[in-house]
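Residue numbers start from 1 in every chain, and the chains themselves are labelled A, B, ... in the order their sequence lines are given, proteins ahead of strands.
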Amino acid sequence: MEVLKIATAGSVDDGKSTLIGRLLYDTKSLTDDKLEAIERSSKQKGYDYLDFSLATDGLVAEREQGITIDVAHIYFSTNTRSYIIADTPGHVEYTRNMVTGASTSQAAIILIDARHGVIEQTYRHFFINNLLRIKDVIVAINKMDLVNFSEDRYNEIKDDFQKLVEKSDYEDQNITFIPVSALKGDNVVEKSDVMSWYQGETLISHLENLDTDDIYNNGKMRFPVQYVIRPKTEEFHDFRGYAGKVYGGDIQVGDEVVVLPSETKTKVKEIYFNDQKYESASRRSSISVTLENDVNVSRGDMIVKATELPKIDKRFTATISWMDAKQLVSGSKYVLQHGVNKVLAKVTAILNKIETDFSGVETNVSNLEMNDIASVSFQLNKPIFFDSFKEHRTNGAFILIDPQSNNTVGVGFIE
Amino acid sequence: MTEKLHINALENEAIYIFREVAAQFERPVLLFSGGKDSITLVRLAQKAFYPAKIPFPLMHIDTGHNFPETIEFRDKLVEELGVELIVRHVQDSIDQGKVKEETGRYSSRNMLQTTTLLDAIEELKFDACIGGARRDEEKARAKERIFSVRDDFGQWDEKNQRPELFDMLNGNIDLGQNVRVFPISNWTELDVWTYIENEDLEIPSIYFAHKRDIFVRDGLIWSASEHVYKDEEEEVEERMVRFRTVGDMSCTAAVDSYATTISEVVAEIRDSSISERGARIDDKRSEAAMEKRKQQGYF
């Protein structure tokens with residue numbers, strides 16, 4: 001059972017919190033005391049139904065305003081899987097939160113209010129899921145109870161959404177439409193008995209059956225060195241273990257590897273996980289390796305297979321999602337963190353700003369505001385070892401850090 | 001076997017976080033309470049740096065109202081690990097007049113810990129404090145970052161948190177700031193127990209069912225002790241109970257239990273219908289209790 005992380009975006013008006021609450025409730029994931037708190041609050045507000053949004057909107061400010069303003073993490077599990085929902089607000093001013101929530105997710109739920117159909121916000125959600133290369137997108141057409149569970153209405157919305165899909169450049173994406181009523185519980189966990197025209201899966205059975213394996217596994221192994229373990233004890237006097245996480249593919253004892261940036265060739269001697277030695281390690285394991293030759297390796301270096309070299313360059317273009325109140329200006333300098341490797345970066349040009357409604361690009365842009373998405377070219381003080389984001393979801397991404405405030409101010413996807 | 005895959009993923013993530021802390025900070029410290037979450041942290045830290053020792057000290061903020069079993073356990077573990085243990089006492093903060101002991105029915109030293117902790121961070125110049133908080137514990141904690149920046153006053157600005165993207169952790173801070181690090185953010189209570197079972201970790205005896213003098217107040221089971229305020233009319237009785245968390249005695253309620261082994265505890269939690277923090281008296285003070293404490297610099 002692996003953990004499936006799902007990104008959701010939307011406002012309370014879409015019934016997003018109700019949907020999550022319904023998932024928790026129908027999978028029996030709400031404990032008595034939590035349920036009791038929800039009942040108490042709902043009653044206090046004079047509702048004649050259970051207000052599940054109270055289970056998810058954590059901060060006081062949100063409870064006061066009735067909106068979600070950050071990324072909240074919600075946990076539940078079934079017999080098949082453990083789930084983490086990264087729940088984010090859907091408004092344009094929270095684009096950065098949506099990008100953040102989607103960055104760690106393998107699947108996304110886009111919620112559509114059946115009364116309103118595809119709206120500007122739907123465009124943006126879909127755009128971000130494309131940008132982040134989210135493989136599985138579930139379009140939950142909610143509040144079907146308010147459109148008389150109409151199949152025609154469902155098909156109409158589905159057709160509208162398909163027009164969006166045609167504008168996307170992500171061909172392998174899986175898109176699934178499900179008509180639901182989160183409030184009444186139709187097709188969330190329990191199959192609807194009033195929408196017999198819908199033959200597909202319920203939301204939960206779709207999630208249970210998702211195959212997440214191919215998402216990060218593209219075959220090219222990347223091993224960024226996080227930390228050098230040197231015990232200097234009698235028993236391990238000359239031990240030098242290079243600790244890190246394996247990305248993209250497997251690593252094996254005996255593999256011919258290249259250490260970047262020195263481009264030294266060597267072989268993998270041992271693979272450790274804790275005090276055990278292994279013959280191989282798969283992607284996402286946090287291991288340490290020792291090498292056959294005595295090479296100089298430090299944090300930020302990368303070990304790759306000799307036949308699978310990444311790009312090594314000081315210049316590249318990336319799509320940026322800008323997250324700071326202080327504008328990004330052409331010519332400014334940032335700390336660029338690519339995995340665990342930090343270098344200095346200069347913005348050489350803002351090529352164009354990308355509209356999140358698929359309407360095209362705006363050229364002649366001199367600066368970027370918070371929540372803008374744009375194509376930007378960079379120059380670094382030293383080369384990094386990267387792949388394009390489309391080829392490698394981890395080795396193609398980086399964050400930008402403002403050297404004055406130390407804040408994370410943007411994220412980039414290398415083109 | 002399926003269970004294992006899921007725990008492995010969480011373990012790999014936590015080890016990655018520990019290594020980021022060791023690499024990005026000058027003076028990290030692991031906040032150790034002797035509870036199951038911090039015991040889990042210690043095990044993960046051992047794995048992250050094997051065959052080297054854990055490259056930072058442990059620190060215990062001692063309220064003075066501990067369960068004695070926890071302290072015995074702590075000292076034994078530290079000796080086995082061969083790491084430095086730093087202890088700072090809430091009693092000292094009280095004696096120095098920095099905090100005032102609470103009085104009355106719900107008095108607790110839990111809140112007072114914050115001052116002692118912040119003073120210790122300042123005194124020992126820690127730039128990263130590793131804690132065992134989990135996002136599933138409480139809804140304000142659900143918003144917590146893995147690297148969570150605190151200002152010079154130890155405060156959490158929850159509306160202005162750094163975005164955390166993919167698994168890239170930004171540990172850049174200004175002088176005087178520090179980062180709270182939560183390697184088991186994505187674990188649930190059941191995950192922690194399953195891990196303790198898989199790894200065969202020793203835990204303090206109060207986590208298992210035992211006979212104890214208790215009294216019942218507001219539907220919760222309180223330990224009868226000199227450290228816990230009790231009304232005259234509240235009657236003490238002996239019951240089989242265990243604790244789900246080992247916080248300060250004055251704010252940790254027990255649950256009825258006959259679980260005497262880890263696998264029995266795991267089975268009990270699987271069936272349990274009260275969330276873990278439901279047995280924490282400090283959260284019941286108000287709906288926003290945890291958020292308020294966190295803003296002030298609580299763990």
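Note: B/P51 leads B/A22, B/A23, B/A48, B/P51 in heavy-atom pairs under 4.5 Å with chain A. Ranked by heavy-atom pairs under 4.5 Å with chain A, the list B/K53, B/Q46, B/Q24 is led by B/Q24. Ranked by non-hydrogen atom pairs under 4.5 Å with chain A, the options B/I15, B/L165, B/D174 are led by B/L165. Contact count against chain B (heavy-atom pairs under 4.5 Å) is highest for A/I229 among A/V228, A/D324, A/V99, A/I229.
Heavy-atom distances place no part of B/A14 under 4.5 Å from chain A, backbone and side chain included. Contact of B/R19 with chain A is made through backbone and side chain together, with heavy-atom distances under 4.5 Å. For a residue to count as touching a neighbouring chain, one of its non-hydrogen atoms must lie under 4.5 Å from one of that chain's; by this rule A/I287 touches chain B with the backbone only. With a 4.5 angstrom heavy-atom cutoff, A/Q404 touches chain B only via backbone atoms. At a 4.5 Å heavy-atom cutoff, the contact between B/D167 and chain A is made by side-chain atoms alone. Heavy atoms closer than 4.5 Å to chain B are found in the side chain of A/I84, but not in its backbone. Contact annotation for B/E164: only backbone heavy atoms (N, CA, C, O) come within less than 4.5 Å of a heavy atom of chain A. Proximity to chain B (any heavy atom under 4.5 Å) is shown, for A/T100, by both the backbone and the side chain. Only the side chain of A/K342 comes within less than 4.5 Å of a heavy atom in chain B; its backbone stays farther off. Only the backbone of A/S405 comes within less than 4.5 Å of a heavy atom in chain B; its side chain stays farther off.
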Start with the C-alpha gap between B/N170 and A/T408, add the side-chain angles, then the distance that decides, and say whether side chain to side chain donor-acceptor pair (under 3.5 Å) holds.
-> CA-CA 7 Å; B/N170 170 11; A/T408 304; 2.9 Å; yes
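Contact check on B/R242 versus B/E268 returns a salt bridge, with a Lys/Arg side-chain nitrogen under 4.0 Å from an Asp/Glu carboxylate oxygen. For B/K47 and B/E199, the salt-bridge test passes: some basic side-chain N is under 4.0 Å from an acidic carboxylate O.
Between A/P224 and A/K245, the closest side-chain pair of non-hydrogen atoms is not below 4.5 Å. Residues B/E20 and A/V340 have side chains in contact (heavy-atom distance under 4.5 Å, counting atoms from C-beta outward).
Two rings, from B/F49 and A/Y227, have their centers less than 6.0 Å apart. Aromatic pair B/W222/B/F243: centroids not less than 6.0 angstrom apart. A ring-centre distance under 6.0 Å is not found for B/F166 and A/Y247. Aromatic pair B/F147/B/F25: centroids less than 6.0 angstrom apart.
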